[in-house]
Amino acid sequence: MRKHWICLLLAVALLPCASLAQAPEVDMDAGVIRYESKASVSITSVLPLQDGTLLITVSGGDALPKGPVAPVEDEDSAPFPEVARKVALLRIAADGQVLWEQSFGESEGSLGLRLLCEAEDGTVLALAELSIRQRTQYQQLQRFSIQDGTLIGRGEKLTGREDIRENAYPIGGGYLWTTIHNSGTTTVPRYYALSDTDNNYRWTVDQAQTVLVLEQALSLPNGTLLLGKGWPDGLNDYRACAALVDGEGNVVWQKDYVELGPSSFLHCAVSPSGKLAALALVGSVGESRQYVLVVIDADSGVLRTCAAFPAKDVRLSEIASCGDGWLIAGECNQQRAPTLRFIQADADGTLQKTWDESFDAEAVYSPKLFTWNSALWGEIKMETEDSQVAWLQRILP
């Protein structure tokens, strides 16, 4: 079996691994790309490319190379034990064919690889992260060739004693992240920053000026939209808030939506026509809570509430542009069988229909929505009695 020699060099070398033991099960007529494993398996990120192909990263599971890899020595000549978690990077054509795959592992702990954005030079940027005993040890930006998946460049290394990129969002040819500054046993949010794919900073913004807890960032024609929650002066509870930042890092507007009461934005989406919608959770913990679909004017930040859904026995988490409207997705908590819920609305936020999909499983988790080749897909994970399943499912049309 052929070998892939990929050196990511976080602090110790990533070890060469054999190619995937099995390819994903693909049925494009049914709109399914699926992994099933006796061990934990996850599709950790997806990135639709401009040419219509799809990149995915897969972590863990029987589908990845198994068994110990020969120990290596770190800079202090301390040997590491066998591999605990490996990662695969695959490129899939529109017809479901796996064009190539690369797989690799770390000598200790769990390695994560998250796809960030596609660059104009035929490469893709990803964030590699090594965790040992569930604590982040190293992060490093990696650049891979879209043509064959080989590693062709790497950025600065960040360690657990320095600033760590907590979240990263692809934004208009670059990416935005929340930086966490480690101070003793606590971590303090520090700032947001926008960088191009060569890791050149465009701007940074003090979190105190914008959204204190960032849930999502979106690239808009007039700037970058930040959404999440904050604590306005004089209030003891948090409020959904948003801010628009222009291309120079200046805050164009910042809004605390006090009229919603205790609330937080969970997820947002922009339509091809430029309309902006967001999903918010409204209400204090322990009280009757509800999810609210709102439409936001990106030029002024003015918000209009469109629809509300009781939060009892359901956990909504995603919204996506779908044709001329919106699709909201989440999971139901009190059904006999694990169930996903989907809510469809038109462009103005008027509800069109609601439907549930149940599964013969122990648990199923809220899908992460993305658009690939004019169809809306979901990245879903399910646990059965004796296996775990991670798959991509075409939802609409």
Side-chain angles (χ1 to χ4, degrees), residues 1-2 4 6 14 17-49 53-67 69 83-106 109-115 124 126-129 131 144 148-149 317-318 329 331 337-340 357-373 375-395:
M1 189 175 292
R2 64 190 177 92
H4 295 301
I6 304 178
L14 287 177
C17 297
S19 61
L20 288 174
Q22 68 181 57
E25 301 174 26
V26 178
D27 184 347
M28 294 305 289
D29 291 335
V32 174
I33 299 172
R34 167 186 169 111
Y35 280 99
E36 184 169 0
S37 171
K38 298 294 183 182
S40 174
V41 62
S42 298
I43 296 176
T44 53
S45 63
V46 298
L47 182 63
L49 301 179
T53 61
L54 182 73
L55 291 183
I56 70 171
T57 55
V58 184
S59 177
D62 298 337
L64 301 184
K66 303 185 294 293
V69 175
V83 166
R85 178 69 63 86
K86 301 191 182 77
V87 175
L89 172 65
L90 299 88
R91 185 183 179 199
I92 300 175
D95 62 1
Q97 178 187 0
V98 177
L99 301 177
W100 52 255
E101 54 83 6
Q102 295 278 17
S103 56
F104 41 89
E106 180 50 80
S110 296
L111 181 72
L113 187 67
R114 185 150 44 97
L115 299 167
V124 63
L127 182 63
E129 179 176 282
S131 298
F144 295 89
D148 58 11
S317 58
E318 293 268 324
E331 61 190 65
T339 302
L340 297 180
E357 292 188 12
S358 298
F359 299 84
D360 182 14
E362 298 293 317
V364 64
Y365 302 99
S366 295
K368 296 180 180 179
L369 303 176
F370 65 97
T371 299
W372 180 33
N373 289 330
L376 188 62
W377 288 68
E379 171 198 325
I380 310 174
K381 183 172 181 178
M382 178 176 70
E383 296 178 3
T384 67
E385 186 175 350
D386 57 0
S387 68
Q388 293 198 12
V389 183
W391 80 99
L392 304 179
Q393 174 73 56
R394 187 175 63 237
I395 300 172

(request) Compare all side-chain heavy atoms of I395 with those of L369 and state whether any distance is below 4.5 angstrom. (result) yes
(request) Taking all heavy atoms of D148 and all of Q102, pick out the closest pair and write down the distance. (result) O-NE2, 3.3 Å
(message) For the OG1 atom of T44 and the CD1 atom of I56, what is their distance to the nearest 0.5 Å?
(response) 8.5 Å
(request) Please find out if less than 6.0 Å separates the ring center of W100 from that of F144. (result) no
(message) Please give me the minimum heavy-atom distance between G378 and P367, naming the atom from each residue.
(response) CA-CB, 4.3 Å
(request) Look at the rings of W377 and W372 and say which category their plane angle falls in: under 30° parallel, 30 to 60° tilted, over 60° perpendicular. (result) tilted
(message) For S366 versus S317, what's the shortest heavy-atom pair and its separation?
(response) CB-OG, 3.3 Å
(message) Quick check: do P24 and V58 have side-chain heavy atoms less than 4.5 Å from each other?
(response) no
(message) With rounding to the nearest 0.5 angstrom, report the CG to CG distance, L55 to L99.
(response) 9.5 Å
(request) Answer yes or no: is there a donor N or O on one side and an acceptor on the other, between the side chain of R34 and the main chain of Q393, under 3.5 Å? (result) no
(message) Can you tell me how far apart CD (E379) and OG (S42) are? Round to the nearest 0.5 Å.
(response) 8.5 Å
(message) With heavy-atom distances below 4.5 Å as the criterion, would you say the side chains of W391 and E25 are in contact?
(response) no
(request) Give the minimum heavy-atom separation between Y365 and E383, together with the two atoms involved. (result) OH-OE2, 3.0 Å
(request) Could you grab the distance from atom CD1 of I33 to atom CD1 of I92, nearest 0.5 Å is fine? (result) 4.0 Å
(message) Do T371 and P48 have side chains that approach each other closer than 4.5 Å (heavy atoms only, starting at C-beta)?
(response) no
(message) Please give me the minimum heavy-atom distance between M28 and D95, naming the atom from each residue.
(response) CG-O, 3.1 Å
(request) Kindly check if the number of other-residue, nucleotide or ligand heavy atoms within 6.0 Å of CG (D360) is above 12? (result) no
(message) Restricting to side chain to side chain donor-acceptor pair (under 3.5 Å), what partner residues turn up for S45, sequence neighbours left out?
(response) T57
(request) Compare all side-chain heavy atoms of V46 with those of K368 and state whether any distance is below 4.5 angstrom. (result) no
(message) For a side chain to side chain contact (heavy atoms under 4.5 Å, CB included) check, start with the C-alpha distance between L54 and N373, then their side-chain angles and the critical distance, and finish with the verdict.
(response) CA-CA 9 Å; L54 182 73; N373 289 330; over 6 Å; no
(message) Return the CD to CZ distance between Q97 and R91, rounded to the nearest 0.5 Å.
(response) 10.5 Å
(message) Can you tell me how far apart CD (E101) and CG (L89) are? Round to the nearest 0.5 Å.
(response) 9.0 Å
(message) Quick check on side-chain hydrogen bond (donor to acceptor under 3.5 Å, both in side chains): which of K381, E36, E362 does Q388 satisfy it with?
(response) K381
(request) Scan L340, T384, V389 and name whichever one has a side chain to side chain contact (heavy atoms under 4.5 Å, CB included) with F359. (result) L340
